[in-house]
Engineer: 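Have a look at this one before I ask anything.
Naming: A, B, ... by sequence-line order, numbering from 1 per chain.
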Amino acid sequence: MTAETAVRRTDASQTTEAPPREWGHGLPAAGFLTPFLLLYLLFIIGPALYGLTMSFFNTSAVKPGLNSFAGFGNYAEALQSSDFWSSLWHTFWFTILTTPPLIVLALVFALLADRVGRGRWFFRLAFFVPYILPSAVVALIWMWIYTPGLGLIEAALTKIGPTSPNWLGDPGWAMPSLAMTTLWWTLGFNFVLYLAGLQEIPRELYEASAMDGAGPWQQIRSITVPLLGRTTTLVAVLQVIASLKVFDQMYIMTSGGPDFATRSILQYVYDSGFTNFRIGYASAVSMLFFLVVLAVSALWFTLVRRGEKEL
Amino acid sequence: MALTRRALLGGSAAAAALGLAGCSGLTPGRDPGGTLDYWNLFGGGDGVRMTQMLDGYRATHPGIDLSAVTLAWGNPYYTKLSLATLGDKPPDVGIAHLTRAKTLISAGLLEELRPEDLARHGMQATNFSERPWQAGLVGGKAYAIPLDTHPFVMFYNTDVCAKAGLLDSSGALLPLDSPEKFTEAMRKAKDVTKGYGGVVAIDNDVATPWRIFQSLYAQLQGEVLADEGRKVVLDDAKGTQVLDFLQGLTKQNLVPGSIDYQGAIAVFANGQSGFYFQGEWEISTFQTAKLPFSMALFPNVFGGNRYAVQADSHTLVIPRRPGRDQAGLDRSLAFIRALLDQSKTWAEGGHVPAWVPLRDSPEYRAMTPQSNYAAAVEGASYDPEGWYSGSGSTYEIVMSAAIGSVLGNRSTPAAALSAMRSNLTSLAKTASPV
């Protein structure tokens, strides 16, 4: 997931301002784009259309071909299934828990790291390093931290006083615990985007405002945050999409448990399609989820964009 | 492109192998060589014993490059085994629970094991316990070689039971073969431990509640699914009888109503309960804990003169792969035979051996407490057939959730049975993907 989102994030940041169109470059442009378009057709559009087709059939992983025609049967089954709705809610719950802190804390830490005089490289590195770890490594580290009886958090809490809940074993705590892990793991990426945004703010603005008697807090509120608006839009949209696509942490750390309390919609797709061999049904669920992500992204994008224009 | 990189690499590897084979002519009597991939799902004590057996195989077959992979138990394992087989890159030999092998067979993922091939390696039907061998056949054909039967059993603390007056003069446990005797024994043990009479894992457990329920329900000859999982035939009267009995135990606090797998082990290992109910594989845990304990058949509470208990078998299977040659097949079968020959190591971990030469040996009969419950094989009740059934399956998860809520006094037997029925019906109505 990480490499793919990273690539897409860079793409998006570069396309925000389109240069004026120049005719006559069409042919070379098409030539340069062809390799990418071919791969895009082969690995994105093609499989997506195949998935859409399969969602109307009782396709099985272990039988050749599409199997019998199901019409909208798979879609009807998904919409009536409580497992579908509960796993969809788990994905949303995770998104709600992770998105605000991942935006706000990334901004706060970027501001702090930017103001550090000495050893700035150390702070930049320290916040970014967790991001380069693979999900399995992150999961193992945090499973140890959360372990009842032996874990770091429990040991620390018992010293202070309060009794520690069973972080990953209690259905109510499991999701916040996963959100914590994700916060630590992926904060670095938003942090770097904000740092880059901070570099682009002209120094003169700060100097001028200082002449006019603005304090540091006023500078942050009236110069830094508004001028970071475009970065915030990008971070917010990408973060919501990344959070909606959650799978790895849950699959490795809780396998969707306890009592399915952390099974995300993508794991539901995985369970139906690969464990139960029901590829047709899993495709239908994927298509429904695709529509949901599309709708959420569109809505979110309009909201954030509007907010940005008002500034 | 005719020459792919893989073909090129494969070709050079083959050339290298030929070169080596030429050299190995200098050391006669060695194995023909080759590689062998083996997948299993064993952790804990089972994992340690399986590693010993693999070391045994490596010692006797130094020419074969054995690579053994242990994957996470339950659904993750079967998912990976199925996908690897569908992708034509399966292991040469894999472990499968007998109840899960059935689904893999109907999905066409396993190689048929023909009698003539088995015979070349000294294996035939009569070498195996009848119950697991017969239960593994599909259309009269063999696909899975049973390594063991692993029944649900009763562990008991010998000190506690002696003090509670539950042992006879020879030190054997008095029979607990009726609801009254069973409950009475729990009460007496509780009086001694001041904690609990017995303990069984309930919370966050996707299999154990099903195991204890099924043991009792099968004693009443109850059935859950029919017609290969397409019909739900849950018997409300029998189900209620079993659930009422189990809930009675937790309501009287003879058995804790809320405890997870590790917690249940801890309660028994610390002497806070006289009895512990689980599969026999936990034997290693209590031996390590130096607990004074023994093991017996799970009591025949409801069965009268017919015994039944929940069980499954570990089997060895050869996943289907296009282009497997005779030499590869023989290498896999020889490996299976080598593991069967080490059944004693496996049996020490509690599993009842399926390999008759060991099962009928004085050596095994002298092995206690392992041989105490060998009779469970005859009464073994496997999970019902169905594409969603088997050890660690969706079926067991659904059943355990409902049964666990009764044991934990969070729902009534009637509510649990109706939850089971509605969940199972939706699975039964779904067209089988295999």
Side-chain angles (χ1 to χ4, degrees), chain A residues 54 57-70 73-74 76-78 80-84 136 139 147-150 166 168-171 173-174 250-263 267-284, chain B residues 72-87 100 103-110 202-206 209 229 258-263 266 319-320 386-390 392-395 397-398 400-402 404-405 408 410 419 422-423 426-427 429-434:
Chain A
M54 285 193 296
F57 290 85
N58 290 314
T59 311
S60 156
V62 293
K63 283 183 192 165
L66 288 170
N67 212 353
S68 56
F69 184 67
N74 286 327
E77 185 187 337
Q80 284 164 21
S81 153
S82 58
D83 290 343
F84 169 79
T147 305
L150 311 163
N166 187 350
L168 292 173
D170 182 316
W173 276 105
M250 293 164 181
Y251 181 74
I252 304 172
M253 292 174 73
T254 61
S255 348
D259 291 343
F260 295 111
T262 59
R263 176 157 79 168
Q267 198 188 332
Y268 182 58
V269 170
Y270 173 88
D271 286 351
S272 320
F274 298 127
T275 303
N276 290 339
F277 305 143
R278 300 186 64 211
I279 296 282
Y281 177 69
S283 303
Chain B
W73 190 91
N75 274 339
Y77 175 78
Y78 292 105
T79 306
K80 289 181 178 108
L81 186 65
S82 310
L83 292 181
T85 310
L86 288 169
R100 298 297 289 250
T103 309
L104 298 174
I105 296 165
S106 36
L109 298 178
L110 300 185
I202 299 170
D203 295 349
N204 290 336
D205 195 310
V206 295
S258 172
I259 194 155
D260 67 5
Y261 198 102
Q262 294 303 327
R320 182 162 287 177
W387 64 270
Y388 51 86
S389 170
S393 65
T394 313
Y395 171 79
I397 296 172
V398 163
S400 289
S405 70
R410 278 173 282 124
S422 85
N423 278 317
S426 78
L427 284 165
K429 272 198 311 200
T430 306
S432 165
V434 300

Engineer: Take atom CH2 in A/Trp173; do more than 12 heavy atoms of anything else shown fall under 6.0 Å from it?
Structural biologist: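 Counting neighbours around CH2 of A/Trp173, 12 or fewer heavy atoms of other residues, nucleotides or ligands fall under 6.0 Å, so no.
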Engineer: For residues 78-87 of chain B, which side-chain N or O atoms pair as donor and acceptor with protein atoms under 3.5 Å away, sequence neighbours left out?
Structural biologist:
from, atom 1, to, atom 2, distance (Å)
B/Tyr78, OH, B/His97, N, 2.7
B/Tyr78, OH, B/His97, ND1, 2.7
B/Thr79, OG1, A/Thr275, OG1, 2.8
B/Thr79, OG1, B/Asn75, O, 2.7
B/Ser82, OG, B/Tyr78, O, 2.6
B/Thr85, OG1, B/Leu81, O, 2.7

Engineer: About how many Å separate CZ of A/Arg278 and CH2 of B/Trp387, when rounded to the nearest 0.5 Å?
Structural biologist: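 Going from CH2 on B/Trp387 over to CZ on A/Arg278, the span is 5.5 Å.
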Engineer: Hey, what do you get for CG (A/Asn166) to CG (B/Asp260), rounding to the nearest 0.5 Å?
Structural biologist: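 That separation rounds to 8.0 Å.
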Engineer: Excluding sequence neighbours, so at least two apart, what forms side-chain contact (heavy atoms from CB on, under 4.5 Å) with A/Ser60?
Structural biologist: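 side-chain contact (heavy atoms from CB on, under 4.5 Å) list for A/Ser60, sorted by chain: A/Val62, A/Lys63, A/Asn67, A/Phe277, B/Pro433.
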Engineer: Given that the side chain runs from C-beta out, which part of A/Tyr281 has a heavy atom under 4.5 Å from chain B: side chain, backbone, both or neither?
Structural biologist: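 No part of it gets close to chain B.
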Engineer: Does any heavy atom of chain A fall under 4.5 Å from the side chain of B/Ala401, the backbone, both, or neither of them?
Structural biologist: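 B/Ala401 has no heavy atom closer than 4.5 Å to chain A.
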Engineer: Check whether B/Thr394 gets within reach of chain A through its side chain, its backbone, both or neither, counting any heavy atom under 4.5 Å.
Structural biologist: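 Side chain of B/Thr394 only, per the 4.5 Å heavy-atom cut-off to chain A.
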